[in-house]
Amino acid sequence: MSKNEAKPPKVTLTEGKQHYVPSTIEPKWQAKWEEKGVYQPDLKNANKPFYNLMMFPYPSAEGLHIGSIFTFGGVDVYGRFKRMQGYDVFEPIGLDGFGIHSENHALKTGSHPIEHAKRTEENFYRQLHTTGIGYAWKNKVETYYPSYYKWTQWLFIELFKAGLAYKKKSPVNFCPSCKTVLADEQVIDGKCERCGSFVEKKELDQWFFKITSFADRLLTNIESLNWTEKVKIAQRNWIGKSEGALLRFKVKDMDIHFEMFDSVPQTFMAQTFTVIAPEHPSVYALVKGTEYEKPVMDFVDRIKKKKAAKTFDTEKETEGIFTGRYIEYAPGKRLLPIWVASFVIAEYGTGIVNASAHDERDFAFAKKYDLPLHPVMFPQDPKLAQKVKNLEFCYHHAEDGILQEPVEFKGRKWGEVRQDVLNYLEEKGFGKRSAQYHLRDWLISRQRYWGPPIPMVFCSSCAEKGLSWFTEESSKRSYRSVNTALQDDKKNMAGWYPVEEKDLPVKLPYVEDYKPMGTGKAPLANYPEFYEVICPHCGGKATRETDVSDTFLDSAWYFFRYTSTDRDDVAFDKEIVKKWLPVTMYIGGAEHSVLHLLYARFITMVLHNLGYIDFEEPFARFYAHGLIIKDGAKMSKSKGNIINPDQYIRKFGADAVRCYLLFLGPFNQGGDFSDTGMEGMYKFIKRVWTLFTSQNITSANLADSANKIMHETIKGVTIDLEELRYNTALAKLMTYYNFFVKQDKISREEVEVYLKLLAPFAPHMTEEVWERLGNKFSIHSGGWPSYDEDALIQEITNLPVQVNGKLRAILILQHNDPKDGKSIRDRAQKDKRVAKFLEGKTITEVIYVVGKVLNFVVT
RNA sequence: GGGCGAGUGGCGGAAUGGUAUACGCGAUAGUCUCAAAAACUAUUGGUCGCAAGGCCUUGAGGGUUCGAGUCCCUCUUCGCCCACCA
């Protein structure tokens with residue numbers, strides 16, 4: 001026989017051949033699974049609850065794209081694996097449909113958001129049903145139905161009553177195109193996250209959640225979470241805790257004191273001037289009635305306008321103006337001129353700070369306006385030190401910089417002196433240790449239509465009397481306030497009352513004209529029939545809040561609701577939540593690292609504080625999946641590279657599509673989509689089908705080699721699945737298949753084990769073959785195969801032999817060959833491939849790692 | 001500017017410090033066929049060689065080690081996130 005002549009395969013594939021037609025078997029099993037409730041756990045009585053959750057989808061009207069099959073499929077593989085291991089897996093699905101994105105889409109297509117949502121919902125669920133994912137369909141949740149947002153509103157009220165929701169005028173990010181306010185997190189490079197327009201600053205009355213009062217707990221709890229590390233890092237950075245000193249200074253000739261935050265207190269003696277943010281409320285007080293009033297206030301106006309304008313580049317345009325005032329700087333016994341400076345951030349720290357020669361921005365500012373500088377820290381190199389003295393460059397953050405002042409710290413290194421300086425500042429009474437956070441309060445109100453109306457009522461006559469829910473109702477009932485430091489905010493809430501729980505939900509009325517107005521008022525403000533109400537306290541005329549809440553609030557608690565969709569008397573069933581939460585495995589995109597994940601943690605902490613739940617972290621484990629891209633770019637409508645999965649599912653079946661996507665690359669990385677590879681995966685599924693549906697299965701015992709590879713594969717696939725390494729798990733199954741094809745016969749045991757290992761990946765095909773083999777329904781609720789370590793012992797092992805670390809030969813060792821160093825060494829030296837390289841050399845050392853390698857070191 | 005991560009065949013990718021390139025795609029040749037497709041068989045990092053076999057190869061350079069894709073340092077390219085945070 002010549003080399004290339006075709007050999008018939010050992011296992012005949014033509015005999016009794018059954019064609020693999022996914023389009024008939026897939027819908028059949030989807031219907032049966034649902035009918036039998038295979039994926040519908042008994043939430044009350046489950047013994048081994050496992051909450052396997054996919055991050056709340058926010059589907060667009062176009063429906064799922066191929067990337068969704070990757071992520072949803074990957075989540076499902078894990079759930080199916082856990083279910084087969086004997087867990088009661090709860091894998092619910094729903095959709096997040098409120099929000100600007102949907103509303104904008106409705107505006108664009110000229111339909112009403114409600115109709116738009118209905119269409120999206122229908123399409124979304126239709127597509128999802130074709131994927132065969134093991135969802136608990138009875139527990140669906142959609143955020144825009146009153147049965148859901150009733151409880152979103154309830155949550156708002158709970159936060160309000162706890163003193164965690166407040167309203168205040170504030171400069172906010174306003175998108176002129178979306179005509180709404182955006183949270184800081186939704187502004188990217190000064191542009192709107194949604195539409196890309198440049199964001200403006202506007203002063204508007206807004207509702208906030210006091211997430212900052214949880215900053216420290218949100219930060220410290222991160223340590224205990226089993227989350228993808230980069231997401232933990234992103235959260236830490238976002239919370240942005242900075243420790244340092246809070247110092248207090250008096251303004252010369254005025255009864256004004258300023259507190260200032262200094263995160264680098266080591267060089268405090270270098271401070272020579274003070275800079276204050278243009279937006280700082282005290283700027284006017286400093287200059288009022290002086291010759292500086294007009295120029296300074298003009299300057300402030302100009303900078304404010306510039307900042308609001310789209311072209312302001314903070315890097316290049318540092319500007320300032322002198323106020324004519326001075327800080328009495330006690331530590332240095334000198335006066336510091338106060339300047340208004342464009343680069344100072346009003347919202348960070350206290351919006352005013354002393355400046356020194358050891359900060360780059362301050363240094364540059366001083367050079368520009370010829371302000372005094374007084375370096376107090378120098379490099380060890382005398383030449384460089386002289387340059388610092390001459391103010392040739394800014395010397396900062398140098399671990400081994402030597403301090404000269406104050407005398408108490410003369411000669412000590414910057415990097416070692418921090419704690420001592422902080423103690424010193426406290427002892428001298430200049431200030432105290434303090435921490436600042438980058439995290440801001442959560443701006444929760446939106447001047448839009450498509451969201452849950454904020455369930456609050458304002459009564460102006462109560463407001464005049466200083467009355468509010470806090471002065472009236474809360475004192476009648478014993479209501480535990482979460483935050484006792486909010487007395488001032490509570491006073492500012494005069495006139496506000498939450499809607500009574502019995503009157504919830506405040507339904508979002510169907511209105512024809514839902515377009516945003518761009519006036520700072522929401523569309524509902526045009527509908528007196530909506531907002532005109534009776535004050536719950538005095539019975540007078542009052543008005544409803546017409547803003548709606550941020551869609552991130554909808555998604556900050558949905559995982560509670562999934563467990564209790566049958567209850568309309570509570571947001572969630574405490575007992576069931578206790579049983580199922582925290583979520584055992586949460587899988588989602590890393591792009592939600594800070595927004596959704598932080599808000600969900602915050603809401604969970606609040607519910608914990610209010611006594612509703614006994615845990616304070618919602619997600620025990622979070623795994624960030626990767627993205628499927630197309631031609632190197634993220635799929636997006638604007639690029640026109642969105643791939644619709646429908647055609648592929650129709651052609652290749654859901655099993656092949658999801659296996660292909662998961663095989664592309666590691667689950668936490670994703671991959672680039674191409675349809676050539678999909679054909680290959682389809683062929684693989686088909687080959688497995690053909691092999692197992694042909695009549696070659698015997699009841700014979702396994703050959704030793706077959707036994708070994710079976711146990712090897714069970715072990716490998718089990719470990720890979722636990723780590724969500726789907727691509728390598730599939731590779732192992734392919735290798736195992738390649739082994740089958742070379743066998744004369746296959747035993748029933750092998751086939752069953754193989755089908756089970758493949759079942760999480762290809763649920764329909766394996767279920768069908770499982771049934772054809774006469775097994776009991778369903779493969780997915782049957783057990784997961786276990787492996788036997790003893791079966792993994794190698795009969796024959798290969799031992800690489802190296803000379804100076806270079807591979808020269810491979811020794812084939814039988815199971816009972818002597819494995820001691822001497823025997824192995826003797827054998828290796830006799831091997832001609834090795835001997836050749838030892839000839840004429842002196843062996844100085846022999847490294848032998850049992851079972852791994854033998855290495856001769858020669859000279 | 002700061003943080004995180006990644007550079008491995010034609011392509012996607014695999015490798016607890018111990019046989020680099022598993023698995024798949026693609027490609028080439030063959031069997032079957034009137035032919036094509038499908039299916040199956042074989043080959044497939046580069047290079048020298050008839051062969052046996054040799055040499056080279058994980059972005060570049062250095063280091064640690066008996067041994068480095070893997071650990072350390074320098075550089076470089078790319079990706080993502082944050083960014084006037086005192």
Side-chain angles (χ1 to χ4, degrees), chain A residues 1-9 13-14 17 188-189 229-231 233-234 236-238 240-242 244 260-265 271 275 277 313-318 341-345 347-356 358-362 364-365 396 436-438 590-591 593-594 627 629 632 634 660 663-666 668-669 671-674 676-681 683-684 686-687 690 725 727-738 741 798-810 833 836 844-849 851-858:
Chain A
M1 251 208 262
S2 80
K3 206 176 163 189
N4 285 331
E5 207 168 315
K7 280 174 254 162
L13 297 182
T14 45
K17 189 166 169 175
I188 314 290
D189 289 334
E229 200 54 36
K230 66 172 177 179
V231 174
I233 291 166
R236 274 189 213 107
N237 290 344
W238 191 263
K241 185 175 185 175
S242 167
M260 301 179 194
F261 179 68
D262 190 352
S263 74
V264 194
Q271 295 171 348
V275 284
D313 185 343
T314 51
E315 293 284 323
K316 289 171 195 151
E317 304 179 56
T318 296
S342 65
F343 66 85
V344 184
I345 306 164
E347 301 87 27
Y348 186 76
T350 56
I352 176 167
V353 70
N354 284 343
S356 87
H358 299 294
D359 179 281
E360 279 196 283
R361 290 155 306 179
D362 298 348
F365 190 77
H396 64 113
Q436 291 294 324
Y437 297 88
H438 167 236
E591 67 272 22
S593 294
V594 284
L627 280 179
I629 54 174
K634 201 169 157 177
Y660 160 70
F663 186 62
L664 257 184
N668 59 7
Q669 282 174 37
D672 206 327
F673 178 84
S674 79
T676 50
M678 191 165 320
E679 187 114 11
M681 184 54 77
K683 285 178 193 170
F684 168 69
K686 193 161 86 174
R687 278 198 290 260
T690 308
R725 290 196 301 247
N727 55 331
T728 52
L730 279 164
K732 287 177 175 100
L733 287 165
M734 288 172 175
T735 306
Y736 192 12
Y737 169 84
N738 292 340
V741 175
N798 293 342
L799 184 75
V801 180
Q802 303 174 336
V803 177
N804 282 348
K806 276 196 143 192
L807 180 72
R808 293 304 172 188
I810 288 168
R833 293 169 299 183
K836 199 161 81 177
T844 56
E845 205 181 342
V846 180
I847 312 278
Y848 177 47
V849 185
K852 294 272 186 192
V853 77
L854 177 73
N855 188 13
F856 292 98
V857 186
V858 301

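Proteins get letters first, then strands, A, B, ... in listed order; numbering begins at 1 in each. What you see is a predicted model; the values in this text were computed from it and never measured. Only heavy atoms go into these numbers, but all of them, side chains included; no hydrogens, no water, no symmetry mates.
Using Watson-Crick or G-U wobble geometry with both donor-acceptor distances under 3.5 Å, B:rG18 finds its partner in B:rC66. Pairing of B:rA60, defined by two Watson-Crick or G-U wobble distances under 3.5 Å, is identified with B:rU74. If you check B:rG10 for Watson-Crick or wobble pairing at under 3.5 angstrom, you find it paired to B:rC25. B:rU31: Watson-Crick or G-U partner is B:rA39, with both key distances under 3.5 Å.
One atom, CH2 of A:Trp238, and another, P of B:rC4, lie 18 Å apart when rounded to the nearest Å. Between the CD atom of A:Gln436 and the C1' atom of B:rC85 there is a distance of 9 Å, given to the nearest Å. As rounded to whole Å, 17 Å separates atom P of B:rC80 from atom CG of A:Asn668. Distance A:Ile233 CD1 to B:rA83 P: 16 Å, rounded to the nearest Å. Distance A:Glu229 CD to B:rG3 P: 16 Å, rounded to the nearest Å. As rounded to whole Å, 15 Å separates atom P of B:rA83 from atom CZ of A:Arg361. The separation between A:His438 atom NE2 and B:rG2 atom C1' is 13 Å, rounded to whole Å. Rounded to a whole Å, the OH atom of A:Tyr348 is 13 Å from the C1' atom of B:rA83.
Backbone-only contact: A:Lys836 has heavy atoms under 4.0 Å from sugar-phosphate atoms and none from a base. Residue contacts shown for A:Arg725 are absent, as no nucleic acid heavy atom lies under 4.0 Å away. Residue contacts for A:Phe261: at a heavy-atom cut-off of 4.0 Å it reaches a base atom on one of the strands shown. Within the 4.0 angstrom heavy-atom criterion, only backbone atoms of the sugar-phosphate kind lie near A:Val264; the bases stay farther away.
Taking A:Asp262 as the reference, A:Gln271 meet the side-chain hydrogen bond (donor to acceptor under 3.5 Å, both in side chains) condition, with sequence neighbours excluded. When the side-chain hydrogen bond (donor to acceptor under 3.5 Å, both in side chains) test is applied to A:Tyr348, no partner is found at least two apart in sequence or on another chain. The side-chain hydrogen bond (donor to acceptor under 3.5 Å, both in side chains) check on A:Arg725 picks up A:Asp720, with sequence neighbours excluded. Every residue meeting the side-chain contact (heavy atoms from CB on, under 4.5 Å) condition with A:Asn855, not counting sequence neighbours, appears here in chain and number order: A:Gln802, A:Ile847. A search for ring pair (Phe, Tyr, Trp, His ring centres under 6.0 Å) contacts involving A:Tyr736 returns A:Phe740, A:Tyr754, not counting sequence neighbours.
For A:Glu845, taking side-chain heavy atoms from C-beta onward, the closest of the listed nucleotides B:rC66, B:rA86, B:rG12 is B:rC66.
Look at B:rG9: its glycosidic torsion is within 90° of 0, and that puts it in the syn range.
When atom types are taken as modelled, the side chain of A:His358 and the backbone of A:His396 share no donor-acceptor pair closer than 3.5 angstrom. Using a distance-only test at 3.5 Å, with no hydrogens or angles considered, a donor-acceptor pair links the side chain of A:Thr844 to the main chain of A:Val857.
When the side-chain nitrogen and oxygen atoms of A:Tyr437 are compared with OP1 and OP2 of B:rC85, none of them lie within a distance under 4.0 Å. Within the 4.0 Å cut-off from OP1 or OP2 of B:rC4, not a single side-chain nitrogen or oxygen of A:Arg236 is found. For B:rC66, neither phosphate oxygen OP1 nor OP2 lies less than 4.0 angstrom from any side-chain nitrogen or oxygen of A:Thr844.
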- [ ] Assign a letter to each nucleotide of nucleotides 17-27 of chain B from its 5' end: B, base within under 4.0 Å of a protein heavy atom; S, sugar-phosphate only; -, no contact.
- [x] -BBS-BBSS--

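Side-chain contact check for A:Phe663 versus A:Met734: some heavy-atom pair is nearer than 4.5 Å.
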